[in-house]
Amino acid sequence: MPLTTSKTLLPDASKPWRPNFWRASHLAQIDFANLPSPRIFGQDDVQHLDPALTLWDIWPVQLDNGDLVELDSGTLWVMLSAPRLPDPDVRHNMARMRLLLKTQAGWRDCGNLLPDGFSPGSREWSGSTRLNPDTGEVTLWFTAAGRRDEVKADFEQRLFHAVGTLKLTGSLPRVTSWHSLTQTVVNTGEFYADLSVTQGVPGQIKGFRDPYWFRDPADGAGYVLFTASRASHLPASPYDGVIGLAKATDVDGHQTFELLPPILDAFGLASEMERPHMFVRDGLYYVFWSTQTHIFDHRFAQGPTGLYGMVGPSLFGPFEPLNGSSLVLANPLEEPRQAYAWQVLPSLEVVSFVDFWGLKGGDIHSDPSLKQSQFAGSIAPSSYLDLQGTTSTIIG
């Protein structure tokens, strides 16, 4: 039956909340012999803006409706960055957000997005960025990992937002005059795991991160979607990833948000649904996220490291998996680690970063030299989607 749009703006408060589930039965429909994969990357696809820097987790500066900001000089982007070190895993403990400009001639590095000492965390993890073109006001939602000046980095994650001003008067764009640093929402532990108490272990850390701003055209309200883990008082499983939701209490999303239950739940299937994002196309709500193969419960189902998605008639669903399986894009079988952290833009361009490329069957866990030599930490070539209702196809 074809999907139709819904006039329902919020779930009926008089009825129990019914989350949408990502299930093993969805993954069981994946055809591993015909994965929706882009081409295999080569040396020419690994281009470093600065050989001293590692870059990962890319997202654009967007308008309130999700479209990209188009300047005379190009488009603005943000990536996580860290010094290039022998062990690429160390980058997560020193991550800073960096502003980039994409021009017709290529990419330009505009420096750190936030000033030193501004973030309340010891590291800056992923988020989303919005520009008001009428005022030049930039709003940044981001993840503060750990606490400023902590002696040892931990995995606590808090959501914050701040406001700055885009300046275009110099040789490169920059954002200045940052102010109004606000904790977006406080995790009460009612719906999501409290990461001041339970943080998990490396490779299986709990989540409360990756805020993505979304304006719902149905009612004009603002929301953030984010990566999270189920609250500990709910039925327990290490495979407890969810996509969380919070609603803005003001029109611009500059004040605090109201925490809502998750809109998607991978209970018993996967421990992470990373970098969630959403847009509306032809009246349908598309939600996407990234998941790595090692965080599935392999006793019941296994999916490739890839981009996954669902579609429904409203922000709250009900959602059904794209392509029956929910798999939208997978790394090639020959290079299962070559990219990660995909984001689908409203134009249907798919962006990501190059992770471990050119392994040619090698294992980074058994051969540390591969981990050092084949980690790219650079901007990946784009792919594109053809999106028709509940069906998607990779182009390029």
Side-chain angles (χ1 to χ4, degrees), residues 32 35 37-58 79-98 100 106-107 109 112 122-126 145-146 152-155 199-205 207 209-210 238 270-272 274-275 290-298 302-307 329-343 350-383:
F32 279 86
L35 291 178
S37 300
R39 63 180 175 81
I40 296 175
F41 299 158
Q43 180 68 62
D44 291 344
D45 297 310
V46 181
Q47 303 291 331
H48 299 297
L49 295 185
D50 182 343
L53 281 180
T54 290
L55 299 173
W56 73 103
D57 281 22
I58 185 171
M79 291 190 80
L80 297 188
S81 69
R84 187 168 294 277
L85 298 170
D87 183 355
D89 289 343
V90 177
R91 72 186 190 275
H92 300 293
N93 290 339
M94 52 184 65
R96 296 286 303 273
M97 288 176 287
R98 207 155 182 94
L100 306 178
W107 291 88
D109 180 5
N112 286 331
S122 60
R123 298 95 78 204
E124 302 162 7
W125 288 357
S126 297
K152 182 180 179 181
D154 66 15
F155 296 124
Q199 298 179 5
V201 298
Q204 290 276 349
I205 67 170
R209 60 183 183 271
D210 304 344
S271 60
E272 289 177 347
E274 295 195 288
R275 298 287 312 279
S290 295
T291 292
Q292 301 181 77
T293 190
H294 73 269
I295 60 79
F296 289 107
D297 187 342
H298 289 187
Q302 182 175 2
T305 294
L307 171 73
L329 180 152
N331 280 328
L333 285 175
E334 300 89 340
E335 294 293 342
R337 295 177 174 268
Q338 79 168 8
Y340 193 60
W342 295 269
Q343 181 169 340
V350 185
V351 297
S352 62
F353 76 96
V354 185
D355 200 358
F356 293 98
W357 68 283
L359 291 175
K360 299 179 180 178
D363 183 357
I364 61 172
H365 298 294
S366 60
D367 186 350
S369 66
L370 284 176
K371 191 173 186 179
Q372 296 174 7
S373 65
Q374 299 309 123
F375 176 74
S378 63
I379 302 164
S382 292
S383 296

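In this chain, numbering begins with 1 at the start of the sequence shown.
Inter-residue side-chain proximity for Asp57 and Arg275 is flagged as met; some heavy-atom pair is nearer than 4.5 Å. Within the 4.5 Å cutoff, no side-chain heavy atoms of Asp355 are placed close to those of Thr305. Looking at Ile379 and Gln47, their side chains never come closer than 4.5 Å, going by heavy atoms from C-beta outward. Side-chain contact between Pro38 and Leu329 is present, with at least one heavy-atom pair separated by less than 4.5 Å. By the 4.5 Å heavy-atom criterion applied to side chains, Leu55 and Ser81 are counted as neighbours. Contact annotation: the side chain of Ser126 approaches that of Asp210 to within less than 4.5 Å [non-hydrogen atoms, C-beta and beyond]. Annotation: side chain of Arg123 is not in contact with side chain of Arg96 (no heavy-atom distance under 4.5 Å).
Between atom CG of residue Leu80 and atom CZ of residue Arg98 there is a gap of 12.0 Å, rounded to the nearest 0.5 Å. One finds the CZ atom of Arg337 at 7.5 Å from the CD atom of Gln292 (value rounded to the nearest 0.5 Å). Here the CD-OG distance, from Glu334 to Ser37, works out to 8.0 Å after rounding to the nearest 0.5 Å. In this structure, OG in Ser271 is found 6.5 Å from NE2 in His294, a value given to the nearest 0.5 Å. Interatomic distance, CD of Gln372 versus CD1 of Ile364, reported as 11.5 Å (0.5 Å rounding).
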Working for side chain to side chain contact (heavy atoms under 4.5 Å, CB included), residues Asp45 and Arg39:
CA-CA 11 Å; Asp45 297 310; Arg39 63 180 175 81; 2.8 Å; yes

Run the side chain to side chain contact (heavy atoms under 4.5 Å, CB included) check on Arg91 and Leu85 step by step: do they pass?
CA-CA 8 Å; Arg91 72 186 190 275; Leu85 298 170; over 6 Å; no

In sequence, state the C-alpha distance, the side-chain angles, and the governing distance for Thr293 and Gln302, and then conclude on side chain to side chain contact (heavy atoms under 4.5 Å, CB included).
CA-CA 7 Å; Thr293 190; Gln302 182 175 2; 3.3 Å; yes

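Formation of a donor-acceptor pair under 3.5 Å by the Ser378 side chain with backbone atoms of His48 is not found in this model. Side chain of Gln199 to main chain of Phe155: a donor-acceptor pair is present (N/O by atom type, distance under 3.5 Å, no hydrogens or angles). Looking at Gln374, its side chain never comes within 3.5 Å of a backbone N or O of Leu359 through a donor-acceptor pair. Judged purely by atom type and a 3.5 angstrom limit, Thr291 uses its side chain to pair as donor or acceptor with the backbone of Glu272. Remark: side-chain polar atoms of Trp125 are paired, donor with acceptor, to backbone N or O of His92 under 3.5 angstrom. Distance alone, capped at 3.5 Å, places no donor-acceptor pair between the Gln338 side chain and the Gly358 backbone.
Not counting sequence neighbours, the partners of Phe356 by the ring pair (Phe, Tyr, Trp, His ring centres under 6.0 Å) test are Phe375.
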